[in-house]
Amino acid sequence: MRQVIVMMVNATRKYGYEYLGNSARLVITPLTDRCYRTLMGALHLNLGGAPEGPAGTGKTETTKDLAKALAMQCVVFNCSDGLDYLAMGKFFKGLAASGAWACFDEFNRIDLEVLSVIAQQILTIQRAVMAGVTRFNFEGTDLPLIPTCTTFITMNPGYAGRSELPDNLKALFRPVAMMVPNYAMIGCVRTFTTQSLFVKGTADNAFQFQA
């Protein structure tokens, strides 16, 4: 079987062939396109991606849609201040052995002491991927490694109860700012899908009404 290669700018990635069903896709706007380019650049450098911005800007959904475009399984996990490094270690073991993606939503809700340990766990996996090994030692456990495994995090900076990421953790991710979505363009495309005859005016009026 021939291997399909997905390319974006100077980044390349193997197609995952994971069947994810015939679900709805995101409307591509300049914001989501910029997020795709940043995340693909992070994958090319064997780093993680870190979309950050206010709630409702599409951070998690854009990450999931990129995974669907590459046919990769993406597991979304909502973080809380009750997480410890042992639970995260089990999560990372499963990711490394399965080759799946993980998107940790509201990652900066985790306590600062736990984030420092998590940084070392992620670094261990990233170094093993860069070395091109098929097995590696993770916290005393010998694990198989599928190099497609990747970690993404989303953050809502400025909210109460959020921690500032330590520098050793920031270095493992490429950040991308997600600000205000283009509601008019999204409404226009969504209205097109209903085969409306007055798409542009309908989308603009809906956006003005919402604003």
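Using a 4.5 Å heavy-atom cutoff, the side chains of P51 and T62 are not in contact. A heavy-atom distance below 4.5 Å is found between the side chains of K14 and I5. Contact of the I118 side chain with the Q121 side chain is registered, since non-hydrogen atoms from C-beta on lie closer than 4.5 Å. Residues W101 and L43 meet the side-chain proximity criterion, which asks for heavy atoms closer than 4.5 Å. With a 4.5 Å cut-off on side-chain heavy atoms, C103 and K64 do not count as touching. Inter-residue side-chain proximity for R109 and L83 is flagged as unmet; no heavy-atom pair is nearer than 4.5 Å. In this structure the side chain of T124 never reaches within 4.5 angstrom of the side chain of R127, judged on heavy atoms.
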R135 and L143: CA distance, side-chain angles, deciding distance, side chain to side chain contact (heavy atoms under 4.5 Å, CB included) verdict: CA-CA 5 Å; R135 303 190 69 86; L143 290 175; 5.8 Å; no

Side chain to side chain contact (heavy atoms under 4.5 Å, CB included) between N182 and L31: does it pass, once the steps are laid out? CA-CA 8 Å; N182 191 333; L31 179 64; over 6 Å; no

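In plain terms, the two heavy atoms of T12 and H44 that are nearest each other are N-ND1, 3.8 Å. The two residues T150 and G48 make their nearest non-hydrogen contact at CG2-CA, 4.5 Å. Closest heavy-atom contact between V27 and I186: CG1-CA, 4.0 Å. Between I28 and M185, the closest heavy-atom pair is O-SD, 3.8 Å. Closest approach of Q126 to N46, counting heavy atoms only: CD-O, 3.7 Å.
Cluster membership for I146 and V129, using ILVMFWY side-chain heavy atoms within less than 4.5 angstrom, is not shared. Residues V176 and M179 fall into different hydrophobic clusters, defined by Ile, Leu, Val, Met, Phe, Trp and Tyr side chains chained together at heavy-atom separations under 4.5 Å. Note on F77: it clusters hydrophobically with L165, by side-chain heavy-atom contacts below 4.5 Å among ILVMFWY residues. There is a path of hydrophobic side-chain contacts, each under 4.5 Å, that joins V6 to Y17. Taking hydrophobic clusters as Ile, Leu, Val, Met, Phe, Trp and Tyr residues chained together by side-chain heavy-atom distances below 4.5 Å, M72 shares a cluster with L26.
Rounding to the nearest 0.5 angstrom, the gap separating the CD1 atom in I153 from the CZ atom in F173 is 4.5 Å. Considering CG of L70 and OG1 of T148, their distance stands at 10.0 Å, rounded to 0.5 Å. The distance from the OG1 atom of T154 to the CG atom of D105 is 3.5 Å, given to the nearest 0.5 Å. Between the NZ atom of K93 and the SG atom of C149 there is a distance of 14.5 Å, given to the nearest 0.5 Å. Here CG of L39 is found 10.5 Å from CZ of R34. Values are rounded to the nearest 0.5 Å. Here CG of D33 is found 9.5 Å from OG1 of T38. Values are rounded to the nearest 0.5 Å.
Other members of the hydrophobic cluster containing L45, listed by chain and number, are L47; membership follows side-chain contacts under 4.5 Å among ILVMFWY residues, whether direct or relayed.
Panel note: side chain K68, backbone G21; a donor-acceptor pair is recorded below 3.5 Å. Between the side chain of K59 and the backbone N or O of A50 there is no donor-acceptor pair closer than 3.5 Å.
The side-chain hydrogen bond (donor to acceptor under 3.5 Å, both in side chains) pairs that include a residue from residues 168-181 are E164-K170, where partners are two or more places apart or lie in different chains.
Remark: aromatic rings of F92 and F136 are distant, center separation not under 6.0 Å.
For OH of Y36, the number of neighbouring non-hydrogen atoms (other residues, nucleotides, ligands) closer than 6.0 Å is greater than 12.
The one candidate from I110, V114, N108 that meets the side chain to side chain contact (heavy atoms under 4.5 Å, CB included) condition with C79 is I110.
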